[in-house]
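Note sheet for the following structure.
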There are 2 protein chains.
Amino acid sequence: MRRRDCAAFESIGGVATYAPKESLFWEGDQADFHYRVVRGTVCLYKLLPDGRRQVSRFCHAGDFIGLSANAAYPYTADALNEVTVQRFRRADLEACMEESSTLRRAVFASIRDELNAAQNQLLLLGRKSASERVASFLVALTEQALRQGGESHVVVLPMTRVDIADYLGLTHETVCRIFSQFKAQGIVSFADPHEIEVCDDAALAVLADGDMDARLCA
Amino acid sequence: MRRRDCAAFESIGGVATYAPKESLFWEGDQADFHYRVVRGTVCLYKLLPDGRRQVSRFCHAGDFIGLSANAAYPYTADALNEVTVQRFRRADLEACMEESSTLRRAVFASIRDELNAAQNQLLLLGRKSASERVASFLVALTEQALRQGGESHVVVLPMTRVDIADYLGLTHETVCRIFSQFKAQGIVSFADPHEIEVCDDAALAVLADGDMDARLCA
DNA sequence: CGCCTGGTTGACCACTATCAAGGTTAGTGG
DNA sequence: CCACTAACCTTGATAGTGGTCAACCAGGCG
């Protein structure tokens, strides 16, 4: 989105900040606002009545939140760390979209990316083993770090092991064990559990989806 | 979408038919077309290199296919039975969307529904037990049958046990076993494995997500 | 008639969840 | 500055759900 195309868009959005563990909204709340992450990481999740939790997405700078909502939010959104967001009244964003085809395309592209990511996650949850899931997670994080201009192979994890487990459909114990196993195999290395250095990204890519071709691209 | 709002939309779409097991397109194909199902059921799925398969959606009459595609289709689409679709050149549909805000809203609502469904499926695959998955599947099918004006409690399954298993992240043996178990418990009943009568939809709803409140709604 | 696909059921086993204990770190209050 | 506490992380032992392997049945089609 070029600046001039979304002057109205920029103007309708107020800025809000949230402390770690604070909720932007709860599943079932009336969805009056859309959000866009400016800084920090937001965790979106659904709960079953007995407390089982599935994290559907971690949102980083630039990501929209709430685009898929109908009347009510279909998930809860928690800030994982210090988070800054733009916040728009839904009606305002929709009005703006009527005006600007550029904004329309941006929003459309965003929701399409979200859908693609969800479909990849379906494959992960439905068919991958625990170590494949963790490897896929690390691969996705390194790719994201690269896109954001990161140079080193160190991935920063703002979320806890429980958050990761609830994202990957595992338990936190299993996530721990597999991180340890990858460490023992020399695939990753870390002292701080929230800063993981990827030592062998080719091996990780192979583990992620059994694709031997990934090695050729290394 | 009212008829007059989408005259152009109707006019750009050619009609195509596919035989059972025929593919509309393959994952990785250049995504030149969008589709809309008129009749029959289409199965969308992704494959891992070793052949493991995850069905991401079954598409019925009215569903759009391919809206989430970027340059390439992110999944393969197979006809499960005799299928009729409308087929649009992507560029044409996009041009039409620039013109008609009604079409835009319809497409947007469609992709939003798809995203919501995917997020529910994430919860199912990540956190539900085998019997909860099968129960959820049957509940979704009965709800869909109701929306389509169906009166009886008989659900028609155009897909095989393998398709269901690949949708629910299980094996076909497990799906069979749980159908048999539900039958033994008097929750469903069937002679033909593709026509399942739901005898106790309240029990099914409870099984689907452990929500005891579902009983109150019965 | 015989093959092939799809469905069902059983026996066994592996992967990952569960339960449990201990370690580390950060934050808090004395 | 240090003791205390509460999260969070890690590792081990055990168990259970669902996968794997195998056999058999039914129906459709060449």
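Keep in mind that what you see is a predicted model, and the values were worked out from it rather than measured. Order of the sequence lines sets the chain letters (A, B, ...), proteins ahead of strands, with each chain counted from 1.
Contact footprint of chain B on DNA chain D: nucleotides with an atom under 4.0 Å from a non-hydrogen protein atom, first to last in 5' to 3' order, D:dG18 to D:dC21.
Between the axis at the start and the axis at the end of the helix from C:dC1-D:dG30 to C:dG30-D:dC1 there is an angle of 30°, using five pairs per end and rounding to 10 degrees.
Ion pairing of A:Arg52 with B:Glu132 is present here, as a side-chain N (NZ or NE/NH1/NH2) and a carboxylate O approach within less than 4.0 Å. With salt bridges taken as basic N to acidic carboxylate O contacts below 4.0 Å, one links B:Arg127 and A:Asp166. Between A:Glu82 and A:Arg39 there is no salt bridge, since none of the side-chain N atoms of the basic residue sits less than 4.0 Å from a carboxylate O of the acidic one. With respect to the salt-bridge test (charged N to carboxylate O, under 4.0 angstrom), the residues B:Arg53 and B:Asp163 qualify.
Note on ring orientation: taking the six-membered ring where Trp is involved, the planes of B:Phe190 and B:Phe179 are perpendicular (angle over 60°, cut-offs 30° and 60°).
For the 3.5 Å distance criterion, the side chains of A:Lys46 and A:Thr76 fail to qualify, holding no donor opposite an acceptor.
For the pair B:Glu195/B:Val155, no side-chain contact is recorded, criterion being any heavy-atom separation below 4.5 Å from C-beta on.
Of all heavy-atom pairs spanning B:Tyr75 and B:Tyr45, the tightest one is CB-O, 3.3 Å. When every heavy atom of A:Leu170 is checked against every heavy atom of A:Ala130, the shortest pair comes out as CD2-CB, 3.8 Å.
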>> Within the 4.0 Å limit for protein heavy atoms, which parts of nucleotides 5-15 of chain C are touched? Write it as a string from 5' to 3', B for base, S for sugar-phosphate only, - for none.
In response: -SSBBBB----
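Ring pair A:Tyr35/A:Phe64: centre-to-centre distance not below 6.0 Å.
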